[in-house]
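Let me begin by presenting the structure, written as C-alpha cells, before commenting on it.
The structure presented is a predicted model; accordingly, all values stated were derived computationally and were not measured. We name chains A, B, ... by the order of the sequence lines, and we start the count at 1 in each one.
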Amino acid sequence: MSLTPVKKSWNHQIKEVTIGTGESAVTVGGETTLPFLHDEGDMPNPPRIALDVFDAVPDTWTEDLIEATGDEINDPVEWAQKGVEEWGVELISLNLTQHALEEDPASPEDCAKLAEEIAEATGLPMIVWGAGEEEPDRDVYPVVSQALSGQRCLLGSASEESYKTLTATCIADGHNIIGESPIDINICKQVNILVTDMGMSEDRIVVFPTNGALGYGLEYAYSILERTRLAALGGDRMMAMPIIIRAGTESQRSKEVKAKEDEFPEWGSRADRGIVWEATTATSYLQAGADIVTMNHPEAIRLIRQYIDTFMNTE
Amino acid sequence: MIIVGERLNGQFDDVGKAIQDRNPEVLQKLAQEQVDAGADYLDVSVGTAVASRDKPEAMAWMVEAIQEGTDAPLAIDSPVESVMRAGLEKVKNPPMINSTSAEPEQLSKYIEMAQEHDAALVALTTDQDGVPNDVAKRTELAGNIVMAAMEAGFPFDQLYIDLIALPVGAAQQQPGIMLDALQQLQGIANPPPHFIVGLSNVSQSTVKRSLINRTYLVMCMANGLDAAIADPLDEKLMDAMITAELLLNRQIYSDSFLSAYRASKRRT
C-alpha cells in the first residue's frame, strides 16, 4: 500500500519586514507555510539571530557566560563588534537599561550616542529595546530614534497601554516597531490594530509575544506562536507579522542555568547547561514560527546558526 | 466567511436603470462600496432590467463596466446558459458561476464550464421537480452534486452547495428544514465543499428584512454555512457575521475585533 503524503497549502503570507538599509539590511518573514515545511510553501527568508548587547554588564549573568563573552563585555561597542567579527551575527539587539536606574541614570543623549556608536562600528541593522519601564523609556525613545533616523531600525517595545509615543516616533524617523503582548494572542492582535490605526504600515511591525525559557512556560508561548501563525496563514492580516523571541536572556536567568554544580551535581557542568538551555529554547521557538531570536551565548549562537542552515537546506 | 455581494443585480431599481442607460459609474460605485465593506465576490445579475433576448449583451456590458473599476472576482449570476457564457467570456479574474441545478445533465455541463474558466461553482439542490421541501431530498441532491464533482475531479474548495433558503413569510417551516439539511451534510466529504445561501430570499416580502437576514445568517453559520450571497452594505448584518465568526473560533478575539476583521478583508 502506498502512502500519500498529506500536504497543507495556505493562501496567505506573513508580511516581510526589512530591518536596516543597504547591503547589511535583513528581511524577515514572508512565509507561506509553517516553519521549515518547504514542501508545503515558501520560506523566502531564513530566521535570524540577533546578538543581545547590554549597556552595562548584566548583573544576573553567570561567570560562565561572562567568560564565554570575553572582556569585550565591558564595552558594548566592542561586544557588538565581536558579535559581527567572531560570531557572525547579522543583527544587534541593544538593550538599554542604564537610563532606568534610580541613582545616576544615563541621559537619553548617552543612550542615543551609544546606539549610534554601535550602529557605526558594526554596520549592522539595529534592534533597540527600552528597559520596559514606561516613564524612562518614554523619554529615551524619541532621542534614540532620532539619532538613528533613516536607518530603519527595529525599536521596542510598544504595549497595549503604552504605544503612542513609540509608534509616532518610529513613523517619524522611519523605523520598524516591536509590538509586545503578555503571552496573549488577543492583546497581540489588539496592539497590531492600535499601532496600524496610528498610521504604521503593516510591514513595519514585528510582534513580541513574550516568551519563557525551556521549563518556564515554553509550551504555552509555543502554542501562542503556533496559533498566531495558523491564523495569519489562514488570512488574518492583523496576525501576519514576523515574530521576535528573546531566547538568550530568558534562558540565562533560569535556575537550571544559574544553579551551582555543588547544589545539583547530577545536573552536570554549569558551563554546558548555559549553552544547551539557550539553544534548546531557541530551537523550540524557531519550530513554532519565530523569525528573529535574540541570543546571548556565543556557543549557543553557533549551534543555532548550524540548526537554521540545516533546516533551510532544501536539497 | 465568504461574502458574495448581491447589490449588482438588475432587480434593484438603481442597477436596473444603470443597465438600461448603460451608465457604468453606478455599477462601479456599488462594486467599490461592496468590496470596501468586505465582499469576496461581487454577484452580477441582469435580473429583469432588459428583455430576455438582450440579456447576454447586457451581462457582457455589466462585467466589462464593473471590471474597469475593480479587480474583485465576479460571480456571474444567471439561470440562462447563454447569459452565463456571455459574462464568463469577459471576466478577467477567476470567477464564480452562479448557478447550476443538480439536474445531472446541466450539472455535468456546468462543472465542465467551471473547469474551463478556472471558476468556482454554485450548485443548487434543485432538479426537474423544483425546490425540495424536505431534508431528505435536499441531502440526496447535495450527495448527487458531490458525486458529480468527485467524478469530474472538480476541487471541493471551489464547489458551493446552495441548499436554498425560502421566504419565511411564505413557507415558515422551510428555514428550519434548511438548517437541518445543512447540519446533516457537514460530514459529506473531507475536505468538505462550501455551503452557501442566497440570504435575502429568507426575508422576502417581510418588513424587518435586515433583522431576519442577520438572525438567519448567524443560525446558518452555527450549522456549518461558510458562504453567503448577501448585502455587505448592511452594516448590522456584517457585524453579526463577524461576531459569529468570532464565537465559532474562526477569528482571534481582540477588543477591536470588528475593525480587525474589516482590515483583514481590505484588498491590498
Residues B:Glu89, B:Arg85: salt bridge by 4.0 Å N-O rule: no

SB check B:Glu33 B:Arg7 (cutoff 4.0 Å): no

From CA spacing to verdict: side-chain contact (heavy atoms from CB on, under 4.5 Å), A:Ile14, A:Arg229: CA-CA 8 Å; A:Ile14 307 306; A:Arg229 205 33 67 91; 3.4 Å; yes

More than 12 heavy atoms of other groups within 6.0 Å of B:Glu235 CD: no

Parallel, tilted or perpendicular, as decided by the 30° and 60° cut-offs, for the rings of A:Phe36 and A:Phe311: tilted

B:Leu74 and its side chain to side chain contact (heavy atoms under 4.5 Å, CB included) partner, picked from B:Val4, B:Leu8, B:Leu42: B:Leu42

Neighbours of chain B found in residues 170-190 of chain A - heavy atoms under 4.5 Å: A:Ile185, A:Asn186, A:Lys189, A:Gln190

